[in-house]
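I have placed the structure first, in the form of structure tokens, so that the comments after it can refer back to it.
On a predicted model such as this, the values are computed, not experimentally measured, just so you know.
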Amino acid sequence: MLSAIGTHTLRFLQYLGGVSRQTRDGLYWTFVAPVRGKRLRWRSAIHQMVLVGVNALPVVCLIAFFIGLIMALQGAYEMRKFGALRYVVDLVGVSMTRELGPLMTAIIVIGRSGSAFAAEVGTMKVSEEVDALITMGLNPTHFLLVPKLLAMLVMMPCLTVIADLMGILGGACFAYTSDLGMGLFAYLRYTADALVMRDIISGLIKSLVFGLVIVQIGCYEGFTVTGGPEGVGRSTTSSVVLSIFSVIVVDVIFTAFFYMLG
């Protein structure tokens, strides 16, 4: 038992160290290297933005709308007992901006893009295209990871804002059809009164960190693929599981941090 615990601990530390080194290199090539004359691959980054952000809009909007509607229905079920249906507006607005908007967006992006990153880089790894890049004098992190990182850092906050709005609209749909009979403009006014800038900013900060976690784990799983096509499948599955777990852990840490800030 002690041997198994030690083996898994060493594997975890090795994995954490590899992801940390890759994160360091990725941030260097993204923010420091351009200042020193290294050009960013903006065309590839814009292409990744389309794949990560624009193509994800329909599913993000649909799921966020229904999440907001479900939150309103569940909240109203309890608040009706106390005659406090009015506070459903506050519940939906604060929950979406602080927690559910960034978290649900991250989970959707993991399923769509995080797995795609692992599969794309992993396929290049097993077909020795990554080795060919190194032979040509190209840094794989700069060539493959940085465009994805730029796309994720730009599109995750955008998708989160859209998810927040759609979730609030889902709550407005309930408010209009329920006992509240509240119109859209009145609902939005009450939501604006309930929210403070800190609620929105905390959600956007989370979305940035979530994006960083997703792209780093997805690409690291791709870069470390072994075993041919079967290994690519295992790596893709592992990237999804580890990304969701890591995002939840990061969410807990940041939620506790913002809570302690008051």
Side-chain angles (χ1 to χ4, degrees), residues 5 8-28 30-31 52-53 56 60 63-64 67-68 71 90-115 117-118 141 145-146 148-164 167 194-224 235 237-262:
I5 293 173
H8 285 86
T9 301
L10 290 175
R11 287 178 181 174
F12 170 74
L13 293 176
Q14 182 181 8
Y15 189 93
L16 187 62
V19 174
S20 300
R21 288 191 297 271
Q22 179 183 272
T23 303
R24 179 200 62 196
D25 294 342
L27 293 176
Y28 169 81
T30 303
F31 298 108
V52 171
V60 169
I63 291 179
I67 289 294
M71 283 290 300
D90 301 33
L91 172 67
V92 174
V94 174
S95 298
M96 288 301 303
T97 54
R98 290 182 68 97
E99 191 65 35
L100 291 178
L103 184 59
M104 293 307 301
T105 301
I107 292 175
I108 294 169
V109 171
I110 288 170
R112 290 191 74 261
S113 301
S115 58
F117 294 162
T141 300
L145 186 144
V146 170
K148 296 176 174 57
L149 179 59
L150 282 172
M152 197 67 76
L153 293 179
V154 171
M155 297 311 298
M156 278 296 291
C158 297
L159 288 174
T160 299
V161 170
I162 294 173
D164 293 343
L195 294 176
V196 295
M197 187 58 64
R198 182 176 176 179
D199 297 328
I200 301 171
I201 292 176
S202 63
L204 294 179
I205 292 174
K206 285 183 181 180
S207 69
L208 285 172
V209 181
F210 292 165
L212 180 65
V213 169
I214 293 168
V215 73
Q216 294 298 335
I217 291 180
C219 290
Y220 184 78
E221 287 291 334
F223 282 128
T224 56
S235 177
T237 302
S238 179
S239 71
V240 173
V241 175
L242 290 173
S243 294
I244 292 176
F245 175 78
S246 301
V247 162
I248 296 295
V249 171
V250 170
D251 186 42
V252 171
I253 294 172
F254 273 83
T255 300
F257 175 74
F258 288 129
Y259 175 78
M260 288 187 292
L261 286 180

**OP:** Can you measure from CG (Leu10) to CD1 (Ile5) and round to the nearest 0.5 angstrom?
**Re:** 12.0 Å

Original post:
At what distance, to the nearest 0.5 angstrom, does CE of Met104 lie from CG of Asp164?
Top reply: 12.5 Å

Original post:
Quick one: OG1 on Thr97 to CE on Met197, what's the gap to the nearest 0.5 Å?
Top reply: 11.0 Å

Original post:
Is there a donor-acceptor pair closer than 3.5 Å between any side-chain N or O of Ser113 and the backbone N or O of Ile110?
Top reply: no

Original post:
If you measure only the distance, is there a donor-acceptor pair under 3.5 Å linking the side chains of Lys206 and Thr160?
Top reply: no

Original post:
Under a 4.5 Å cut-off applied to non-hydrogen side-chain atoms, are Ser235 and Thr224 in contact?
Top reply: no

**OP:** Identify the heavy atoms of Leu149 and Gly26 that sit nearest to each other, and give their distance.
**Re:** CD2-O, 3.9 Å

**OP:** Could you label the plane-to-plane angle of the Phe257 and Phe254 rings as parallel, tilted or perpendicular, counting under 30° as parallel and over 60° as perpendicular?
**Re:** perpendicular

**OP:** Report yes if some heavy atom in the side chain of Leu204 is under 4.5 Å from a heavy atom in the side chain of Ile200; otherwise report no.
**Re:** yes

For residues 212-222, which side-chain donor-acceptor pairs fall under 3.5 Å, sequence neighbours excluded?
residue : atom : partner : partner atom : Å
Gln216  : OE1  : Gln22   : NE2          : 2.9
Glu221  : OE2  : Tyr15   : OH           : 2.7
Glu221  : OE2  : Ser238  : OG           : 3.4

Subject >> Non-neighbouring partners of Lys148 that pass side chain to side chain donor-acceptor pair (under 3.5 Å), sequence neighbours left out >> reply: Glu120

Subject >> Nearest-0.5 Å distance, CG of residue Leu100 to CD1 of residue Ile63 >> reply: 12.5 Å

**OP:** Determine, stepwise, if the pair Ile248 / Leu103 fulfils side-chain contact (heavy atoms from CB on, under 4.5 Å).
**Re:** CA-CA 8 Å; Ile248 296 295; Leu103 184 59; 3.9 Å; yes

**OP:** Report yes or no: does Ser95 contribute a side-chain atom to a donor-acceptor pair with the main-chain N or O of Val92 at less than 3.5 Å?
**Re:** no

Subject >> Separation between CD of Glu99 and CZ of Phe258, rounded to the nearest 0.5 Å >> reply: 10.5 Å

**OP:** Look up atom CG in Leu159 and atom CD1 in Ile108, then write down how far apart they are to the nearest 0.5 Å.
**Re:** 8.5 Å

Original post:
Do the non-hydrogen side-chain atoms of Val109 and Met155 ever get within less than 4.5 Å of each other?
Top reply: no

